[in-house]
Amino acid sequence: MKRLRRIIQRPASVELTKYEALLPAIGAREAEVEKLSDTELTEAAKALREFSTFGNDQLVELCALGREAARRALGERAFDVQLLGTMGLLTGHVVQMATGEGKTLAGALAAAGYAMQGKHVHVVTVNDYLARRDADWMRPVHDLLGVSVGWVEPSRTREERREAYHRDITYGAVSEIGFDVLRDRLVTRPDDLVQPKPEVAIIDEADSVLVDEARVPLVMAGSVDAGMADEEVANVVRRLRLGLHYETDTDGRNAWLTPAGSSVVEKSLGIDLYGEHEEGTSDRLAAVNVALHAHALLERDVDYLVRDGKVRLINASRGRVAELQRWPDGLQAAVEAKEQVPPSDRGEILDSITVQALLARYPQVAGMTGTAVAVAEPLREFYKLEVAVIPPNAENIREDQQDRIFASPSQKLRAIQEEIRSVHETGRPILVGTQDVAESEELAEKLEKFGVSCVVLNARNDAEEAAIIAEAGKHGAVTVSTQMAGRGTDIRLGGADGADRERVAELGGLHVIGTARYPSSRLDDQLRGRAGRQGDPGSSVFFASLNDDLVLSHAPDVPEGIASDDETGEITADVAHRQINHAQRVAEGVDLEIHRNTWRYTRLIERQRTDLLEHRDKLLHTELAAELLEKGAPDRYKELAEALGGTGDELVQACREIALFHLDELWSDHLAYLADVRESIHLRALAKETPLDEFHRAAIPEFHKIIGEVEARSVKTLEDGEITENGIDLAASGVRRASSTWTYLVHDNPFDSDAEEALKKVRGMLRKKKS
């Protein structure tokens, strides 16, 4: 019956019986381990390094020693469920542990276990703050277990990074680890490499990293000049009106000019937008389309905000400023022109890698999150990972109320304000989760007028998030926040010091309010999970409207005749609840399909990159470049050797730098070519060809030309280059790297869910021609 109950309650989850069977042995070892001195405890942990893999006996010993190390270093005795989480991670699963159940310690002990098996471990976090915090927090535990710890963040030097990566365990944000991978791919000397070979990744907030951000590309760019948007185009597009001059699709991904809009643009710019033979027309058409996208589809304080004279993107799944994210250069410049702020630098893309491809480099991946079961399908499909659901240490007694649904957003907002006012009068702390920055600030303003003071946490002040969240459980506190996923700080009843804990618990604990259902049920659950921590009392309720963006975008066909209360507009009919749930399921399905479709395209690129990197490694670590150049231009090679006084390492390095320069340049050109193919793939779909097949037909032959072209260009550089007493003048020969480089994440959805959606991108052009 116990196993049957697990199957019913935990779909797609790993059976935990084999781990639970080890708990008595771990408990029995506890009394003996307590008697060990710190030195003896460390020596006992070091003895585990004799085993390259852990069986049951080693798992028991690690958990017993880890529990004692945590007790001594942190004053926390690990619960049995935390040890279950540790064992689940050590056997390569994604463990689901509720908010406040101690994932950080479970991950730290698992990281120590992998390190004891002789493997380098990267603990991958969602941001730099959590990487440094967790590394410092867990360091005393790791010290007692005899494993070394480091961390990386943007401010660290190359030497500091190299030192951190050569520790047993390295904590780092997924973006920072990825950027170091890209930087390593451009080095010309083996000693300049920062990262060792990837071995184990333990991913915090695994659903956010592995699913929500899986298709986000990390980019290394080389500086060219300041990005320039077409100011004239921006000024024309700024005057266009929805419904008259342009239209958008229901999911807000595409915008196109109407015949009336095309006429306005053509007259204002003095061109024929669709003239096939006019010079510069295609560039102007592209500029108009990008400016229209920025004007019609990207909303200030929702998709981005303007801070310190710069456009800063907002991470939709976390509600924070995405400091390292930007759109592709043309769109970034268009948004900057829209907001009339100085343009940021633009550059050519030297290399890129998606988060999914980055993590696929690790032979062993494990993860932890509070909401894994909901993404069990993509975790299995894309990463071959299974979910292990860890039971809570204390029973969850949070009261999750039924959604309250209203006919209109304005009626919903009034009900939310009344809910906050009435609960606040009791003294219970309240956490309100909003959809975006604009909504959080609008609600805060209305609450102030209502006589309710609140603290706002959104992308404008996310640097203060730890302090704000830590105090959100105080008596009488009202906190209005954008998405709570990945905040990394528990909400303790009574505040950070727990002074008013009993008082708040008697009132019913933290009350969580959602102002709308999110596009993913996981985000709903992450917000709800802020209440009811460690068996605390608490409650949650979500408000929704049949005119919320979620419904309008994904399930607009609302049945007619749904009755609502004449005074409040509240709807209690079951059909309304079904409609909201249906809209959310459709949104989740669309997102999964986009993930699949994007991966179909990027998978080929990653295979090509892997093959090219193997060749690059040979050029970097061997004398292959010198051998190829000596064979291709023997007389010139001999002349270069004589100029350098022999055939030693100077010579090898010169040949290496020539070959690596051309390989990197050709790969950058290949990426640009693939981007062009991607952008035009919808035109191929017009001819009823399969876009993916066409992408492959275009990409594969071009890739196979690269290696041969590298050799040809390298030989030419050697033959044409000026040889001096110091060797060949590489700079004068055109072997010149970018004057500066920078990294960023692309906030982009390059592929729609299917070819039909992609056709909408040219609908305006087709309508114009038909008219």
Side-chain angles (χ1 to χ4, degrees), residues 11-12 94 206-217 248-255 293 297 303 315-317 354-357 359-360 371-385 387 485 517-525 548-557 579-607 674-675 677-686 688-696 699 746-763:
V94 173
D207 56 335
S208 179
V209 174
L210 294 173
V211 178
D212 296 337
E213 299 186 2
R215 58 181 185 268
V216 173
T248 63
D249 55 10
T250 55
D251 57 12
R253 275 200 223 118
N254 300 287
H293 186 109
L297 304 179
D303 301 295
N315 185 307
S317 66
T354 63
V355 170
Q356 182 164 348
L359 296 171
T371 47
V373 168
V375 288
E377 181 181 353
L379 288 175
R380 182 184 298 116
E381 178 178 347
F382 298 120
Y383 303 98
K384 296 181 174 59
L385 289 171
V387 174
R517 293 277 288 277
Y518 290 100
S520 165
S521 61
R522 288 181 297 110
L523 300 183
D524 292 348
D525 292 341
D548 282 345
D549 288 343
L550 177 67
V551 179
L552 295 178
S553 297
H554 299 287
D557 52 337
Q579 193 73 16
I580 300 289
N581 292 333
H582 173 63
Q584 190 176 65
R585 287 195 297 273
V586 170
E588 291 173 333
V590 167
D591 191 66
L592 178 57
E593 183 57 27
I594 292 173
H595 188 162
R596 286 193 181 114
N597 209 35
T598 304
W599 184 237
R600 291 183 188 115
Y601 286 84
T602 57
R603 188 164 47 188
L604 172 66
I605 300 173
E606 293 308 323
R607 281 203 297 265
L674 295 182
V677 172
R678 183 194 74 185
E679 290 299 324
S680 63
I681 206 75
H682 56 277
L683 297 175
R684 298 169 188 259
L686 287 172
K688 296 185 178 179
E689 299 165 331
T690 304
L692 182 61
D693 290 344
E694 286 303 301
F695 184 80
H696 282 197
V746 176
H747 187 89
D748 185 23
N749 171 26
F751 303 106
D752 292 310
S753 56
D754 53 46
E756 289 302 314
E757 286 295 316
L759 294 180
K760 293 176 182 177
K761 294 182 178 179
V762 292
R763 187 178 295 173

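No hydrogens, no waters, no symmetry mates; every other heavy atom, side chains included, goes into these values. If you're wondering where the values come from, they're calculated on a predicted model, not measured in any experiment.
- If you take CD on Gln579 and CG on Asp548, they are separated by 12.0 Å, rounding to the nearest 0.5 Å.
- Residues Pro519 and Glu588 approach most closely at O-CG, 3.4 Å, considering heavy atoms.
- In this pair, His595 and Phe382 present their aromatic rings parallel. The plane angle is below 30°, not in the 30 to 60° band.
- Counting heavy atoms from C-beta outward, Ile594 and Arg215 have side chains that approach closer than 4.5 Å.
- Between Ala255 and Leu297 the shortest heavy-atom distance is N-CD1, 3.9 Å.
- By the 4.5 Å heavy-atom criterion applied to side chains, Val375 and Val387 are not counted as neighbours.
- The existence of a salt bridge linking Glu606 and Arg603 is excluded, since no basic side-chain nitrogen approaches an acidic carboxylate oxygen closer than 4.0 Å.
- The CZ atom of Arg600 lies 7.5 Å from the CG atom of Leu692; values are rounded to the nearest 0.5 Å.
- Rounding to the nearest 0.5 Å places CZ of Arg585 at 11.5 Å from CD1 of Ile580.
- Distance check, rounded to the nearest 0.5 Å: CG of Leu550 to OG of Ser520 gives 10.5 Å.
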- Query: Where do Leu379 and Val211 land on the side-chain contact (heavy atoms from CB on, under 4.5 Å) test, with the steps shown first?
  - Reply: CA-CA 8 Å; Leu379 288 175; Val211 178; 4.3 Å; yes
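- In this model, no donor atom of one side chain and acceptor atom of the other lie less than 3.5 Å apart for Thr602 and Gln356.
- Asp549 meets the salt bridge (Lys or Arg N to Asp or Glu O under 4.0 Å) test with no other residue; sequence neighbours excluded.
- With Tyr383 contributing its side chain and Ala360 its backbone, the two residues share no donor-acceptor pair below 3.5 Å.
- The OH atom of Tyr518 sits 12.0 Å away from atom CG of Asp525, with the distance rounded to the nearest 0.5 Å.
- In this view, Gln584 and Arg517, Asp524 satisfy the side-chain hydrogen bond (donor to acceptor under 3.5 Å, both in side chains) rule, not counting sequence neighbours.
- In this structure, CG on Leu674 lies 4.5 Å from CZ on Phe695, to the nearest 0.5 angstrom.
- Across all their heavy atoms, Val551 and Ala583 have their closest contact at CA-CB, 4.0 Å.
- Arg596 places a side-chain heavy atom less than 4.5 Å from the side chain of Glu381.
- Considering all non-hydrogen atoms of both residues, Thr371 and Arg522 come closest at O-CD, 3.5 Å.
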